[in-house]
Trainee: 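Attaching a single structure in structure tokens format; questions to follow.
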Amino acid sequence: MKLQKLIAPKLSWHNGSVPKSQHFDDHYYSIENGVQEAGYVFLKHNQLAKRLDQACSFLESSTFRIAETGFGTGLNLLLTLALWFEKTAKQGKNNRVLLHFVSFEMFPLRVADLEKAHQAYPDLAVFSTELRRHYPLLLPGWHDIWLFDKQVRVTLWFGDALAGLAECDATAGSQIDAWFLDGFTPAKNPEMWQPALFQQMARLSHKDTTFATFSAAGDVRRGLQKVGFAVHKTHGWGKKREMCFGQLAHVRPHSLKAPWFARPEPIATGTAIVIGAGLAGASVAYKLAEAGWQVTVLEANNQAAQHASGNLAGTIHPLITADWNLRSQWYLQGFEASLRQLLPWLANKDIQGNLAGLVQLAVTDVGEKRVKEALKRVGLPDCFAYWMAQDQCAFKAGSEVNAAGLYFPQAGWVSPPSIVKRCLMHKGISVQYGQVVDTFERIDNQWQIHTGERAFKADCLIVATGALNNRLNQQLGLPIRPVKGQVSHFSAQQQTSALNCAVMHEGYSVTLDSGLAVSGATFEAPDRSASLSIQSHQTNLDRAKTALPHWINAQANSLQGRVAFRPTTPDHLPIIGPVADPQWMQQAYLSQSHTHAVYRYANQHYQPGLFVSNGHGARGLMSVFLAAESIVADLQGQPLLQPNALYHASHPARFAIKPWRSGQKEVKG
Ligand code: SAM
């Protein structure tokens with residue numbers, strides 16, 4: 001998925017309050033009364049008052065989904081929020097309806113410009129303040145934010161609407177209920193009002209989906225009709241003569257671009273078993289319990305977080321690449337998902353850590369070049385990352401450093417065991433220790449799991465066993481390679497002073513609140529022995545001393561530390577999601593020619609309710625919460641939390657499908 005660098009809009013202001021785009025030579029909304037115009041065009045002609053009323057009267061949980069082309073100042077969202085809260089107020093705490101607003105914006109406004117525009121609408125201040133508080137980083141691609149204690153989800157795609165729409169999942173349950181076609185007039189913005197826009201709308205709509213737009217241009221009407229919408233013209237708002245609105249009249253089948261990564265059939269909320277009480281298992285157990293599942297966690301050891309999640313500290317920071325490749329995009333989403341979860345826990349002191357900044361020293365020429373390229377080509381916003389000279393890095397770190405580097409104001413370190421503990425405290429979770437899973441099988445629509453002496457049953461099963469359960473990993477077809485890593489611990493006396501923040505170099509160094517410091521970790525792939533070695537301590541010491549020359553005064557043979565095995569994958573992305581039925585996959589795909597047009601292949605078949613969260617490597621803190629949210633969304637038939645390309649990139653079936661599809665795998669009869 002190639003993303004373009006974001007361009008800030010060039011604005012002028014009518015009466016200091018209504019923005020005008022210099023690029024499109026048009027105002028964002030009516031200079032007479034933007035609120036009335038938006039209310040008339042988009043809310044009234046999608047019959048939102050009536051439909052939100054109906055949606056809110058459902059007793060079961062459901063989602064009402066609106067998509068908009070052209071987010072601009074977010075005024076349409078603010079008005080929708082005002083209406084939605086008016087309707088849900090009647091339900092009070094019983095409200096089980098989620099409002100999901102998806103919007104696409106190629107030239108996102110800065111928060112200061114949003115604020116300037118929002119000042120004209122003091123009645124909407126409660127909504128506009130919440131929006132600005134959660135407004136995402138100005139980085140290209142997909143961002144999810146949750147407003148008002150998770151009652152509203154807003155997905156913002158920063159980039160071209162046509163590219164963003166193509167990345168949206170059209171599975172039943174993820175489709176759009178109402179479209180707001182904004183985005184400047186077709187005469188001034190013909191690139192957006194393309195046939196592809198209307199085709200994507202049809203693909204993402206169901207039989208009751210409506211649309212409204214201020215435009216009544218012939219091409220727009222014909223384009224919508226051609227893909228199956230019934231189009232009506234009516235009076236426009238104010239001086240505008242006409243506008244149009246309508247509903248999907250002909251639903252046509254649309255085949256998937258990647259049927260092998262089709263989403264699984266949802267199953268109703270019930271019981272779940274999670275195997276593994278590390279970060280991956282605990283986070284998915286927590287998210288399931290939050291969603292109302294009764295969860296049992298089976299853990300082979302007598303305590304949680306005994307393997308890779310047991311280190312005293314781990315760093316959380318985005319992954320920067322010069323061309324903002326798929327991995328950078330994936331981990332940006334993972335980073336945002338982790339921050340959403342962890343910041344409130346940190347503020348409550350439920351977990352230990354410090355997410356108030358991290359220095360990434362450019363200790364190699366290659367690293368420095370990559371970062372500088374990214375700053376130039378991707379345009380990283382300052383609140384996300386900025387370059388600092390060597391003396392500034394030293395000031396932030398609280399110790400002399402040997403290189404300049406990048407500073408991430410929102411990054412830092414956390415204690416993984418404290419996160420695991422916090423997750424497993426949920427009252428919907430029961431943890432059974434000392435349970436080594438021997439077998440699992442699906443019998444009578446349930447998963448039956450046998451450990452040494454006991455048997456457990458549940459509607460769904462999530463396997464999160466990390467690097468070392470080779471037997472289960474093989475059974476599930478997961479190409480996990482354990483990579484040994486040793487961290488070294490430095491006492492307060494062995495440090496000249498505590499580090500102010502986490503420092504990344506060839507490894508990482510962190511001083512914990514207790515005064516103890518952690519530095520590491522080594523990469524020792526072929527070695528499977530779990531014992532600490534002086535040689536690895538020496539490697540950690542050398543790296544720390546090279547990056548932070550006056551920080552440590554210790555000998556390798558006097559150090560304590562810890563060894564763990566990271567579960568790594570061939571493409572350095574985690575493995576998350578539903579597990580395919582291997583026999584079906586062999587028969588339907590792998591034994592067939594790889595060259596047919598995609599519509600000739602059936603959608604993937606999965607083992608019902610069987611999921612994995614594994615392969616998180618050294619970046620689990622930036623991936624496990626996104627993984628957990630994604631698994632819950634799959635189980636419950638909710639929309640994806642990612643663009644299609646990123647969901648596919650970490651899908652468990654990719655290791656079988658990609659070589660076959662590219663012709664690298666022999667066809668077996
Ligand atoms: N709904 C907005 C509001 O409430 O402020 C007003 C939208 S304004 C009329 C149109 C918006 O569409 C602008 O913010 C513009 O940058 C955006 N836009 C134009 N072409 C686009 C494209 N191809 N993809 C995404 N956004 C686009």
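When a ligand or atom number is given, it counts from 1 through the structure's own listing order.
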Trainee: Among pairs that include at least one residue of residues 636-649, which meet side chain to side chain donor-acceptor pair (under 3.5 Å), considering only residues two or more places apart or in two chains?
Mentor: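 Applying side chain to side chain donor-acceptor pair (under 3.5 Å) to every pair that reaches into residues 636-649, excluding sequence neighbours, yields Thr269-Gln636, Trp293-Gln636, Asp634-Tyr647.
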
Trainee: Indicate yes or no for a side-chain donor-acceptor contact from Ser328 to the backbone of Leu319 under 3.5 Å, with no hydrogens or angles considered.
Mentor: yes

Trainee: Would you check ligand 1 and list the protein residues that come within less than 4.0 Å of it by any heavy atom, ordered by chain and number?
Mentor: Phe24, Tyr28, Tyr29, Glu68, Gly70, Phe71, Gly72, Thr73, Gly74, Leu75, Asn76, Phe104, Glu105, Met106, Phe107, Gly159, Asp160, Ala161, Asp182, Gly183, Phe184, Asn189, Met192

Trainee: Under 4.0 Å between a Lys/Arg side-chain N and an Asp/Glu carboxylate O for Arg221 and Glu242?
Mentor: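 No.
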
Trainee: List the residues meeting salt bridge (Lys or Arg N to Asp or Glu O under 4.0 Å) with Glu130, not counting sequence neighbours, and say none if there are none.
Mentor: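 Checked Glu130 against salt bridge (Lys or Arg N to Asp or Glu O under 4.0 Å); matches are Arg133.
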
Trainee: Closer than 4.0 angstrom, basic N to acidic O: yes or no for Arg110 and Asp113?
Mentor: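 Between Asp113 and Arg110 there is a salt bridge, with a charged N closer than 4.0 Å to a carboxylate O.
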
Trainee: Going by salt bridge (charged side-chain N to carboxylate O under 4.0 Å, His left out), name the pairs with one or both residues in residues 159-180, residues two or more places apart or in two chains.
Mentor: Asp169-Arg263

